[in-house]
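Here is the structure we will look at.
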Amino acid sequence: MSFEWPWQYRFPPFFTLQPNVDTRQKQMTAWCSLVLLYCRLNKQYTMTVMEAQESPLFNNRKLQRKLPMESIQVVLEELRKKGNLEWLDKNKSSFLIMWRRPEEWGKLIYQWVSKNGLTNSVFTLYELSNGDDTQNEEFHGLEESMLLRALQALQQEHRAEIITLDDGRGVKFF
């Protein structure tokens with residue numbers, strides 16, 4: 001799947017936060033959608049603000065336009081308010097981007113387990129996120145921190161139990 005930039009990305013004023021309230025709200029919606037789509041297609045879960053600023057996401061080299069750091073912070077804070085971002089440190093220099101919430105990941109994982117008749121099975125976290133059996137699944141390659149959150153959501157629904165194994169952690173599905 002190739003990534004196609006939205007029309008706004010080719011529009012120079014998109015890289016300057018607009019003063020008009022209505023225009024800015026539309027701009028924020030477009031930026032939030034772009035960040036989530038870009039991270040989803042690139043399977044990106046964590047990033048530093050500095051990496052974000054230098055990435056193609058906020059830096060259109062063709063236009064020679066870059067969203068200023070203060071504006072990036074505004075976009076990231078908007079994503080946090082919507083529940084799609086969590087800061088990983090007090091300085092707000094690195095973040096976890098959640099283009100799919102833990103409950104949604106849990107649902108996808110459980111659908112795969114059910115579809116393949118794997119209830120009452122035990123998996124290591126590695127097998128779930130990197131195993132050959134999950135290669136064609138959207139959750140393949142899921143970062144461990146997000147995988148754990150997804151499994152905790154399933155555990156709260158009594159569909160799974162996170163367990164400690166000799167070589168790390170695993171999960172049993174019900």
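- In the hydrophobic clustering of ILVMFWY residues, with side-chain heavy atoms under 4.5 Å counting as a link, Tyr45 and Tyr126 come out apart.
- Side-chain atoms of Trp87 and Leu85, non-hydrogen and from C-beta on, do get closer than 4.5 Å to each other.
- Scanning all heavy atoms of the two residues, the minimum distance from Pro12 to Leu63 falls at N-CD1, 4.0 Å.
- Using a 4.5 Å heavy-atom cutoff, the side chains of Val75 and Met28 are in contact.
- Shown here are the ring pair (Phe, Tyr, Trp, His ring centres under 6.0 Å) partners of Phe139, two or more places apart in sequence or in another chain: Trp112.
- In this structure, Cys39 and Met47 have side chains that are in contact, with non-hydrogen atoms separated by less than 4.5 Å.
- Under the side-chain hydrogen bond (donor to acceptor under 3.5 Å, both in side chains) criterion, no residue pair touches residues 150-161, with sequence neighbours excluded.
- Rounding to the nearest 0.5 Å places CE of Met98 at 5.5 Å from CE of Met146.
- Partners of Leu37 according to the side-chain contact (heavy atoms from CB on, under 4.5 Å) rule, which considers only residues two or more places apart in sequence or in another chain, are Phe3, Leu41.
- Applying the side-chain hydrogen bond (donor to acceptor under 3.5 Å, both in side chains) test to residues at least two apart or on different chains, the pairs with a partner in residues 94-111 are Arg100-Glu138.
- For Arg10, there are no salt bridge (Lys or Arg N to Asp or Glu O under 4.0 Å) partners two or more places apart in sequence or in a different chain.
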Q: Evaluate side chain to side chain contact (heavy atoms under 4.5 Å, CB included) for Ile163 paired with Val171, printing each intermediate quantity in order.
A: CA-CA 5 Å; Ile163 55 177; Val171 61; 5.8 Å; no
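- Leu79 contributes atom CG, which lies 4.0 Å from atom SG of Cys32 (distance to the nearest 0.5 angstrom).
- Closest approach of Leu125 and Leu147 over heavy atoms only: O-CD2, 3.5 Å.
- Remark: Thr46 pairs with Glu143 by the side-chain hydrogen bond (donor to acceptor under 3.5 Å, both in side chains) rule, at least two apart or across chains.
- In this structure, CD in Gln73 is found 9.5 Å from CD in Gln53, a value given to the nearest 0.5 Å.
- Taking the side chain as every heavy atom from C-beta outward, Leu76 and Ile97 never approach each other to under 4.5 Å.
- When ring centroids are compared, Phe58 and Phe15 stay outside the 6.0 Å threshold.
- The backbone N or O of Leu36 lies less than 3.5 Å from no partner atom in the side chain of Asn84, so there is not a single donor-acceptor pair.
- Atom-to-atom distance recorded for Thr48:OG1 and Asn91:CG is 12.5 Å, nearest 0.5 angstrom.
- Residues passing the side-chain contact (heavy atoms from CB on, under 4.5 Å) test with Lys172, sequence neighbours excluded: Asn120, Val122, Phe174.
- Residues Ala30 and Phe14 approach most closely at CB-CE1, 3.8 Å, considering heavy atoms.
- The shortest distance between side-chain heavy atoms of Leu151 and Phe173 falls below 4.5 Å.
- Atom CD of Gln135 is surrounded by more than 12 heavy atoms from other residues, nucleotides or ligands within 6.0 Å.
- The structure places CD1 of Ile109 at 6.5 Å from CG of Leu154, a figure rounded to the nearest 0.5 Å.
- For residues 15-27, the pairs satisfying side-chain hydrogen bond (donor to acceptor under 3.5 Å, both in side chains) are Thr16-Arg65, Asn20-Thr23, with sequence neighbours left out.
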Q. Val74 and Trp31: side chain to side chain contact (heavy atoms under 4.5 Å, CB included), yes or no, with the steps?
A. CA-CA 10 Å; Val74 171; Trp31 270 115; over 6 Å; no
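- Within the structure, salt bridge (charged side-chain N to carboxylate O under 4.0 Å, His left out) contacts touching residues 119-133 (residues at least two apart or in different chains) do not occur.
- Using a 4.5 Å heavy-atom threshold, the side chains of Phe123 and Leu118 count as touching.
- Other residues, nucleotides and ligands contribute over 12 non-hydrogen atoms within 6.0 Å of the CE atom of Met69.
- Nearest heavy atom pair, residue Ala150 against residue Gly106, reads CB-N, 3.6 Å.
- Contact of the Leu34 side chain with the Pro6 side chain is registered, since non-hydrogen atoms from C-beta on lie closer than 4.5 Å.
- For the salt bridge (charged side-chain N to carboxylate O under 4.0 Å, His left out) condition, the pairs that include at least one residue of residues 52-62, sequence neighbours left out, are Glu54-Lys66.
- The side-chain contact (heavy atoms from CB on, under 4.5 Å) check on Ser71 picks up Leu17, Leu67, Pro68, with sequence neighbours excluded.
- The salt bridge (charged side-chain N to carboxylate O under 4.0 Å, His left out) contacts involving residues 87-98 comprise Glu77-Lys92, where partners must be two or more places apart or lie in separate chains.
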